[in-house]
Amino acid sequence: MIDSTQAAALTLTLPDGSQRTVAPGTMPSEVVKSIGERLLMAAVAVEVNGAIQDLVTPLRTSGTFRVLTERDATSLDVLRHSAAHILATAVRRLRPDAKIGFGPSIDEGFYYDFEVAEPFTPDDLAAFESEMRKVVAEKYPFVREEVSRAQAQLRFTDDPLKLERLSELGEDEIISTYTDGPFIDLCRGPHVPDTSRLKHFKLTHTAGAYWRGDSKRQMLQRIYGTAFFKKDELDAHLLRIEEARKRDHRVLGRQLDLFMMHQFSPGAVFWTERGTVVYNALNDFIRERQRDDFHEIKTPLLYNKALWEISGHWGKYKENMFLVLDNETGEHDFSLKPMNCPSHYLLYQSKKHSYRELPLRYVTFDVLHRNELTGALSGLTRVRQFQQDDCHVFLREDQITDEVHFLLKFILSYYETFGLTAKLKFATRPEVRIGSDEMWDRAESSLKTALEATGMEYELKEGDGAFYGPKIDFDVLDSIGRPWQLGTIQLDYSNPERFDLTYVGEDNSAHRPVIIHRAVSGSLERFIAILIEHFAGAFPVWLAPEQVRVLPITDEYNGYAEQVTKQLHDAGIRVHLDARSETLKYRVAEGARMKVPYMVVVGKREAEQGTVSVNVRGAGKEQKANSLPLDEFVSRVVKEDKSRTLTLEAHG
RNA sequence: GCUGACGUAGCUCAAUUGGCAGAGCACCUGAUUUGUAAUCAGGCGGUUGCCAGUUCGAUUCUGGCCGUCAGCUCCA
C-alpha cells in the first residue's frame, strides 16, 4: 500500500482540460463537490485514468478525472453491484443464518450467493424484495474502510466463504470492506453513495449455484435480480423478458406444429412434416450457397476408438461420446462421432493432393451425437443429436489471409439473408495450448490481417482461442437484440500433424497444409430455434412450412379453389386448400394462428374474374381487399420464394 | 451430473384436507354455405410420467426412477 502521507501531490485533469491539484488520499467526493454541489448530488462514481472507483475511495494517482452520473453506461454496474449488497442486507435481516458468497453485477442485473440450510422459496423472494425497499428507504451510506488482513479476518469470522476469498488476496492488495447500515461485506467496490440510490429493481428468480462454479464444492442458493436508474428502463427490460417468453421456440414449435421431443430420446428432435420443410429449406439454401466453391461429402457416423485415439478425443472428450458395444469383442470399441473433423481428415488423407487443389473445402451435414449432461439439455438449443453445416478447409499457409476473407464474407452475407447482424470476436492463444510461439504469431497475425481487411469492428478476446489455434467467433443479434454465438472460423496447425496430412507442392515434395474449421449456423437445430424466436414464428415465404392457404367462401367455389391450389402447387409453392365447412372467419383465424404468410380467399367475384383476394399475414383486422389476377399472384409468390425476400410483398 | 420447482385428456389448465377426475381448445359426427381473426349441437378422449411402499382405499402421503424447466460462465 502506498504511504499517502509522504507521496507527492496529485494532479487531476478534468474533461474540460482544467486541472486540480490535491493531496494523495483525498476523497473524490471532495473534488466533485469543488466542481459543483449539484454534480455531487448526481455523481454515481468517478473514473480516474479510465478506472472506475467510487466517491469514497481515496485518490492515489494523478491523471484524467471524470465524474460518472446515471447517464454513463458503467454507472449501471455500480448500481447493480450495490443492489446486490442491499439484497444481502435484506437477506441477513430475515435469515441471519445465511452465509454470504459473492454478489456481482452481471449483464442483465445482479445476483448474490448465499449458503443456507433451507433453500429459498418464491415467498422468501417477495419478502426479501420488500425488505430491500426498507433498506433503501433507510438511506444508509456505503462506508468504505481499508483494513489489514487481521482486521478483515476478525470481521468475517462467521463467513467462511469470505475468509476463503480473503486468504487468496495478494500481499500488496488493498483490503477493503463496505458497510451499509447493519451489513458489512468484503468488497473492492465501487458502490453508489447510499442505499437510496437504488430505486427501480426486481428480484427475478433463484437457483442453485456451486461455490466458485465448481461442481465439487458446495451448492449455494443464488438470488438473481435486476436494477435500473429509470423506471421505464426497468419496465422495458421486464417487457423484453416477456417478449422473449412469447417467442420461446419450444412454445411456438408446438403451436406451429414444427417439432417435438420425446422422453424416450432425450435431447433429440422429432421434426414434423412442417418442421421438416423448414429444415430442408434451410439445408437447400446452404447447399445452394456452397455449390460453387465447396465439395459436399458424406462420411460414416460410427468409428472405432482407434480414430479417437489419434484425434485425442478418446482421452479428452470420451465423457461426451456415445460409446457403442461391439458384440464380437464385448468392448465399447466404437463411438458415434461427436464432430466431423476426423472423418474429413480421413477422406483427405486417402489420396494425394496437389497444391493446385488448395484451398480444398469439404462440407458435411452429417448427424453428430454428443452426450450432454441431462441438466444441460434445453429445447432445440442444447441437444444430443444434431447436424452442423460443417466445413474444413485444407490450405497452404500463404492462403490464410485470402481464405479467411472469403469465409468472413460468406458467413456475413449468410446471416444477412435472415436479417441477422453479427458481431465479431477475435480469440487469441490460450494458456494451455499446443504449437510453438512462432506458429501462434503467424496464425494470429494472418487471422488479424484478414479480419481487419473487412473493415469491420471486432472485439479482442485474449486467451480465448482453441488449444490448437486462434479463431474468429460470430455473435449474432436477433430481432430483439439477444446475442447468440453461432459461426466460427478456427485456424488449426495441430491436426495436420496428428493425421500426417500433406499436399504435394510446386517443388514436388510433401508439405503440411493448414486446416480451417468453419461453421456458419452452428447446429441447424439451434439455428432453427434462433430463427423461430427471431421471426417470432412468422417465417418469410421461403422458409414458411406452408406458404399459401386457399380458402373458398362456400363449397360452391371449391372447384375454382382447387384450380387455384393446383396452379400454385404446380409452380412449386407449398399450398394447402382449406375447404372445410367452417365459417370463413374461423378458417382465417386458424390460418393466422399458424402464421401462414398468405391466405387467398376465393368466391364468386374471384371465380368470375380469375383472381384471388390476398390476405397478408400480420395485417390483422386492418386487412384490405388485395385483389390480384391469379397468374400474377403465383408469379409474385414464386419470385418472393426464389429471392428469399424477408418481407411479404406478393399482394396488391 | 448437482440444487430447486414441476409432471392430470393431443394442447392450456382446474379439482381431489386420501373416497365416482373436470373445463376450454383440438379431434369425430350432424346441422349450417358462410366475403376476411373462433357458427351451433352432440360425441370420442385419462392405469393422473413409471415402479415400489404406507393405507380398507393413493392421482393425492413416502421413497426410488424417468422426463421437463430455471440455474450451476460473470467473481471480494
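Worth knowing before you read on, the calculation uses all heavy atoms, side chains too, and leaves out hydrogens, waters and symmetry mates. Here is the naming used below: chain letters follow the sequence lines, and residue numbers restart at 1 for every chain.
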Between the protein and nucleotides 36-47 of chain B, are there any N/O to N/O pairs under 3.5 Å, and if so, what are the atom names and distances?
unit_1, atom_1, unit_2, atom_2, d
B/U36, O2, A/N615, ND2, 2.7
B/U36, O4, A/S613, OG, 2.1
B/A38, N6, A/R593, NH1, 3.1
B/A38, N1, A/R593, NH1, 2.5
B/U39, OP1, A/T583, OG1, 3.2
B/U39, OP2, A/T583, OG1, 3.4
B/U39, O4, A/E582, OE1, 3.2

Do A/T177 and A/R155 have side-chain atoms, one donor and one acceptor, less than 3.5 Å apart?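 Judged by distance alone, the side chains do pair up.
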
For a quick check of understanding: with a heavy-atom distance under 4.0 Å over all strands, which category does [X] fall into, base, sugar-phosphate or nothing?
X      : value
A/R580 : sugar-phosphate
A/G109 : nothing
A/L377 : sugar-phosphate

Under 3.5 Å, is there a donor-acceptor pair between the side chain of A/R247 and the main chain of A/I532?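 Pair absent, no side-chain N/O of A/R247 close to backbone of A/I532.
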
| query | Which comes earlier along RNA chain B counting from the 5' end, the contact point of A/L166 or that of A/E556, where each point is its nearest nucleotide? | reply |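 Taking each residue's closest nucleotide, the earlier one in sequence belongs to A/E556.
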
- Considering heavy-atom distances to RNA chain B, does A/C187 or A/G379 have its closest nucleotide positioned more toward the 5' end?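 Looking at RNA chain B, the more 5' nearest nucleotide goes with A/G379.
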
Establish, with yes or no, whether the OP1 or OP2 oxygen of B/U68 is under 4.0 angstrom from a side-chain nitrogen or oxygen of A/R250.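 Checking A/R250 against B/U68: no side-chain N or O falls below 4.0 Å of OP1 or OP2.
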
query: Is the phosphate of B/U34, meaning OP1 or OP2, less than 4.0 Å from a side-chain N or O of A/T554?
result: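 No, no such contact exists.
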
Could you tell me how far apart A/E108 (CD) and B/A70 (P) are, to the nearest whole angstrom?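 Checked: the CD to P distance equals 14 Å.
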
Anything under 3.5 Å between a protein N or O and an N or O of nucleotides 73-75 of chain B, put it in a table, one pair a line.
unit_1, atom_1, unit_2, atom_2, d
B/U73, OP2, A/G213, O, 2.5

